[in-house]
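Worksheet: one structure, shown below.
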Amino acid sequence: MIEMHDVWKTYPNGAPALQGISVRIDKGEFVYVVGPSGAGKSTFIKLMYREERPSKGSIFVNGFNIERLKERKIPLLRRQIGVVFQDFKLLPNLTVRENIAYALEVIEAPTKRIRSRVSEVLELVGLTEKANALPNQLSGGQQQRVSIARSLVNNPAVIIADEPTGNLDPETSMDIVRLFDEINNRGTTIVMATHDKEIVNRFKRRVLAIENGLLVRDEKRGVYGYES
Amino acid sequence: MKARTLGRHAREGFRNLGRNGWMTFASISAVTVTLLLLGVFLLLAYNLGEISKQIEAQVEMNVFVVEGAGQAEIRELERQLKALPGVATTSFVSKEVALEQMREKLKDLLEGYDDADNPLPDKFVVKPTDPLQIEALSKRVETLPLVAKVNYGEETVTQMFQWTEWIRNAGGVFVVGLCFTALFLISNTIKVTIFARRKEIEIMKLVGATNWFIRWPFLFEGLLIGVLGSLLPMLAIYVAYDYLYVASAAFPMFQLAPVDPLVHTVLGILIAIGALIGMIGSVMSISRFLKV
């Protein structure tokens, strides 16, 4: 599903973010990526949906060779993976329904299919009544659920989440992780960077710990391992 | 791209006008102001050009016939003049008629002269097809036999041509300059309004939109902004010029060019420039935000 071989990333200002990461994530896994701020978690995540390019090494995501991927073909990659962000990244002028539909409009899906599929994922994330609300009329947790619904709508093989609970209170965070868990149970791979000790220690899953750009720990049913 | 998607882009572009109300207003205002200026200037430049053309068209030359030429020779000369390239009209003025005309102008000063001792020669009044070529034409006419002298008021005419050419050039420079100012001002305003939406463009890219999928609605939005922005200047110019044209009838010297086809052409130019600049402005402005 996702494979990295000796991946290095140095930013133009000279800061080394990743220094030789090799990892393999299989289909259907649920993986936490943990580590202190600035350790390279975000870079690790961004490489997977080609917001950043590796300086060295090779990355394969769902069959795409990331470093060889042409600029024009990036959208094709992003349509096969769902990405969820800390700040939700919803289009402020579009309703909940329109925001989710957007991910289907870009692949020019038939209108009927868009309508039924959007209703389906809205029900899955429990926001059917909010379909016509604008993002700013929703709570943080609700907005994150919209963004998860959008990431799901294309039936992606993998969902990549960068600190999805970073802006949410603990209780809401738990709800979000339960939602990811449910999605994972349906066979979707989940890669989630997080700072949330509670979550990692309670929903025990595979843990990748990154420190100073190095993969320092890879445990099947790991714990958070840092004092946050 | 499917046709249905093109419809979606048009719809989306139209709805974005409302969603970004204030920015739309700012962009449309920029288009309105610059196109109004441009339209006024186009009309001004065209009319100045027309007036200088009218002045130039009054240029003509006197071709004096040698003393003692007979009827047949004069007719032959007329034939030769008409055959010259660059000659628009010729008209023969006999020495008798010339004296009459002179008498009218000078009245008593010519008291002593009559037809018997008329000092004036026969002449042809020749109008050139292109007033600016009058010098070359006069040289050609001078070489004809039976021509004593050619006179077209050389100094006055040369000076006048310098003026009319200057007026035309200045008008042209201003119009071109104004076009560029319009392009700059409008695309800059659109750029500022789109800058506020760079986050949206980033999000669209992150959920897998291609660059053209993002560009199309902006293209339609720019088109609409350009067209909407040109409506007010078009109306204002049409009404104002119509009024001025009627009023100018009282001053034959400054008679404006007729409304049709001039104003219709200018209106067409304005809406075309508005639409074009609107589209170019928005597509250019988003391109730097598409690199996500």
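All chains are named by letter (A, B, ...) in the order of the sequence lines, taking the proteins before the strands, and each is independently numbered beginning at 1.
Note on A:Glu108, A:Glu51, A:Arg150: by heavy-atom pairs under 4.5 Å with chain B, the leading option is A:Glu108. Here A:Pro92 is the residue among A:Gly82, A:Pro92, A:Ala103 with the most heavy-atom pairs under 4.5 Å with chain B.
Only the side chain of A:Leu94 comes within less than 4.5 Å of a heavy atom of chain B; its backbone N, CA, C and O stay farther away. For A:Glu105, the parts lying near chain B are the backbone and the side chain together; criterion is any non-hydrogen pair under 4.5 Å. Of the two parts of B:Arg8, only the side chain, counted from C-beta on, holds a non-hydrogen atom closer than 4.5 Å to a non-hydrogen atom of chain A. For a residue to count as touching a neighbouring chain, one of its non-hydrogen atoms must lie under 4.5 Å from one of that chain's; by this rule A:Ser151 does not touch chain B. Within the 4.5 angstrom heavy-atom criterion, no atom of B:Arg197 approaches chain A.
Both tests do not hold together for A:Lys41 against A:Phe44: distance to the six-membered ring centre under 6.0 Å, angle to the ring axis within 45°.
Here the side chains of A:Glu29 and A:Met1 are not in contact, with every heavy-atom distance at 4.5 Å or above. Side-chain contact between A:Arg117 and A:Val121: present, with at least one pair of heavy atoms (C-beta onward) separated by less than 4.5 Å.
Ion pairing between a basic and an acidic side chain is recognised when a charged N comes within 4.0 Å of a carboxylate O; B:Glu56 and B:Lys53 show no such pairing. At a threshold of 4.0 Å, the pair A:Glu182-A:Arg186 counts as salt-bridged, since one of the basic side-chain nitrogens sits closer than that to a carboxylate oxygen. The pair A:Arg53-A:Glu67 does not count as a salt bridge, with every side-chain nitrogen at least 4.0 angstrom from each carboxylate oxygen.
Scored by the side chain to side chain contact (heavy atoms under 4.5 Å, CB included) test, A:Ile74 finds A:Arg50, A:Leu69, A:Glu71, A:Arg78 as partners (sequence neighbours excluded).
Side chains of B:Arg19 and B:Thr24: a donor-acceptor N/O pair is absent below 3.5 angstrom, by distance only. For A:Asp175 and A:Thr172, the side-chain atoms include no donor-acceptor pair closer than 3.5 Å.
Scanning residues 200-217 of chain B against chain A with a 4.5 Å non-hydrogen threshold yields B:Glu200, B:Glu202, B:Ile203, B:Met204, B:Lys205, B:Leu206, B:Val207, B:Gly208, B:Ala209, B:Thr210, B:Phe213, B:Ile214, sorted by number.
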